[in-house]
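Only one structure is covered here, and it is reproduced in the block below.
For the numbers below, each heavy atom of this structure counts, side chains included, while hydrogens, waters and symmetry mates do not.
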Amino acid sequence: MKKAKLFGFGLTALALTVALAACGGGKKDSTGGKSAGGDADHSVVIVTDIGGVDDRSFNQSAWEGLQAWGKEHDLKKGAEGFDYIQSNDASEYVTNIDTAVSNGFKTVFGIGYLLADSISTAADANPDTQFGIIDSVIEGKDNVVSATFKDQEASYLAGVAAAHTTKTNTVGFIGGEEGAVIDRFEAGFHQGVVDTAKKLNKEIKVEIEYAASFGDPAKGKALAASMYQKGADIIFHASGGTGQGVFQEAKDLNETGSKDKVWVIGVDSDQDKEGKYKTKDGKEDNFTLTSTLKGVGAAVQDISNRALEDKFPGGEHLVYGLKDGGVDLTKGYLSEEAQKAVDAAKEEIIAEKITVPEVPKDVKE
């Protein structure tokens with residue numbers, strides 16, 4: 001595989017630094033001409049992980065990025081433009097990827113590291129199709145581009161924010177399935193809490209649990225209930241659709257007013273809307289303290305644009321990090337003190353004065 005490249009983009013507006021080809025929309029017909037709505041030679045599809053395009057997190061971000069790409073080039077949803085195929089279970093990955101190829105899509109994305117093996121196999125069997133894997137690395141294949149993110153850096157900032165905000169000195173982390181990607185979230189968050197606690201001369205406990213699924217809101221709710229019961233007042237989730245249950249438990253607790261306010265830190269996209277609730281006295285409030293941002297949609301849009309220019313970066317590993325704007329943290333409802341600490345930590349990470357661990361075993365207590 002070619003050397004990994006850092007590539008930056010603005011997360012909020014999906015602003016790309018790549019120059020776009022002046023080819024516009026339009027599909028080629030049998031005579032080589034174009035008609036509005038598609039381009040069969042450059043069609044793109046995403047195959048989701050479980051949770052689907054409405055998971056309010058990872059898959060949804062990818063789909064929003066692809067829709068933005070389609071709109072940008074006046075393409076329509078369908079086999080000659082852009083589309084998605086939803087996976088409801090891991091057993092559907094292979095079938096869904098095969099369906100994408102048989103339907104004639106030129107570029108096929110696997111959204112999430114769990115699809116890596118299926119994408120790799122399909123790439124071998126279909127050398128004329130372009131494949132992208134998000135959140136994993138597939139080496140040695142010229143028709144596959146890999147895109148990963150420095151999730152540990154944004155998660156470190158989330159840990160800084162949590163340490164400055166907690167009143168109980170207990171915070172929690174809920175992951176989906178264990179693996180290299182979620183390791184980065186856990187390790188970064190934990191280290192951010194540890195480092196900040198030392199600066200504040202506080203002892204802060206970090207509760208860590210895994211749901212063993214990215215699509216089990218009921219399990220997420222149960223884990224969150226247990227954590228809040230143990231005294232956590234902030235939970236950072238990196239669990240995809242499972243996180244909907246974390247938000248629901250926080251909402252239930254905050255609306256009943258059965259205990260002091262509890263918070264959730266969102267993941268992958270701004271989950272501010274998930275934190276809206278009404279207090280017992282009917283006042284509108286919000287419990288999404290902040291959210292880590294991950295430019296999944298921007299990565300899909302960027303790679304799709306390159307493919308549209310016939311410059312598909314096959315064989316490359318694109319890395320999207322904090323220094324380049326590939327990951328970040330929303331302002332949310334942080335106090336002025338917490339925001340200043342987050343900003344300072346961000347500068348130190350960019351300046352390489354702080355090296356954030358990628359695996360939990362490397363967290364320095």
Is [Y] close to [X] at the side-chain level, that is, under 4.5 Å between some pair of heavy atoms?
X      : Y      : answer
Lys77  : Tyr84  : yes
Val262 : Phe287 : no
Phe105 : Phe82  : no
Val171 : Phe236 : no
Ile234 : Ile265 : yes
Val47  : Val108 : yes
Val363 : His190 : yes
Lys230 : Thr170 : no

*asked:* Looking at Lys273, I want to see if its NZ is surrounded by more than 12 non-hydrogen atoms of other residues, nucleotides or ligands under 6.0 Å.
replied: no
*asked:* Counting only heavy atoms from other residues, nucleotides and ligands, does the tally under 6.0 Å from NZ of Lys198 exceed 12?
replied: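 Yes, enclosed.
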Assess, by modelled atom type and distance only, whether the side chains of [X] and [Y] contain a donor and an acceptor separated by less than 3.5 Å.
X      : Y      : result
Ser87  : Asn96  : yes
Asp195 : Gln191 : yes
Glu186 : Gln152 : no
His73  : Asp39  : no
Gln339 : His164 : no
Gln248 : Asp252 : yes
Thr330 : Thr290 : yes
Tyr277 : Glu284 : no
Tyr333 : Asp272 : yes

*Report the C-alpha separation of Thr48 and Ile85 in whole Å, then their side-chain angles, then the decisive distance to 0.1 Å, and conclude whether the side chain to side chain contact (heavy atoms under 4.5 Å, CB included) test is met.*
CA-CA 6 Å; Thr48 76; Ile85 300 176; over 6 Å; no
Please determine whether a side-chain nitrogen of the Lys or Arg among [X] and [Y] lies less than 4.0 Å from a carboxylate oxygen of the Asp or Glu.
X      : Y      : value
Lys294 : Asp151 : yes
Lys261 : Asp285 : yes
Glu207 : Lys205 : yes

Between [X] and [Y], is there a donor-acceptor pair closer than 3.5 Å when you use the side chain of the first and the backbone of the second?
X      : Y      : value
Asp135 : Thr148 : no
Thr129 : Lys106 : no
Ser102 : Thr99  : yes

*Quick one: do Ser304 and Phe109 satisfy side chain to side chain contact (heavy atoms under 4.5 Å, CB included)? Show the steps, please.*
CA-CA 10 Å; Ser304 298; Phe109 284 96; 3.6 Å; yes
Rounded distance [0.5 Å steps], [atom1] in [X] versus [atom2] in [Y]:
X      : Y      : atom1 : atom2 : value
Glu337 : Thr165 : CD    : OG1   : 8.5 Å
Gln130 : Asp310 : CD    : CG    : 8.0 Å
Thr288 : Trp263 : OG1   : CH2   : 8.5 Å
Thr107 : Leu308 : OG1   : CG    : 9.5 Å
Lys278 : Lys251 : NZ    : NZ    : 10.0 Å
Asn254 : Lys280 : CG    : NZ    : 12.5 Å

*Report whether Ile350 and Phe149 are members of the same hydrophobic cluster (ILVMFWY, side-chain heavy atoms less than 4.5 Å apart, transitive linking).*
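Ile350 and Phe149: one cluster.
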*Knowing that exactly one of Phe189, Phe247, Phe58, Phe214 qualifies, which makes a ring-ring contact (aromatic ring centres under 6.0 Å, His included) with His237?*
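Single pass found, and it is Phe247.
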Can you give me the closest heavy-atom contact between [X] and [Y], atom names plus distance?
X      : Y      : answer
Ile138 : Ser146 : N-OG, 2.9 Å
Ile303 : Ala147 : CD1-CB, 4.4 Å
Tyr113 : Glu177 : OH-O, 3.3 Å
Asp328 : Ala154 : O-CB, 3.5 Å
Ala161 : Leu329 : CB-CD2, 4.5 Å

*For side chain to side chain contact (heavy atoms under 4.5 Å, CB included), just list the numbers for Asp74 and Lys71, CA-CA rounded to whole Å, side-chain angles, deciding distance to a tenth of an Å, and then say yes or no.*
CA-CA 5 Å; Asp74 194 27; Lys71 183 178 181 180; over 6 Å; no
*Give the C-alpha distance, both sets of side-chain angles, the deciding distance and a yes or no for side chain to side chain contact (heavy atoms under 4.5 Å, CB included) between Met227 and Glu249.*
CA-CA 10 Å; Met227 280 190 178; Glu249 179 62 23; over 6 Å; no
*Asp233 and Thr168: side-chain hydrogen bond (donor to acceptor under 3.5 Å, both in side chains), yes or no, with the steps?*
CA-CA 6 Å; Asp233 58 351; Thr168 64; 3.2 Å; yes
*Could you please spell out the steps behind the salt bridge (charged side-chain N to carboxylate O under 4.0 Å, His left out) verdict for Asp260 and Lys167?*
CA-CA 9 Å; Asp260 291 338; Lys167 294 181 178 179; over 6 Å; no
*asked:* Go through it in stages, so that I can follow the logic: the residues are Glu274 and Gln244, the test is side-chain hydrogen bond (donor to acceptor under 3.5 Å, both in side chains), and I'd like the CA-CA distance, side-chain angles, deciding distance and then a yes or no.
replied: CA-CA 8 Å; Glu274 307 309 308; Gln244 294 177 26; over 6 Å; no
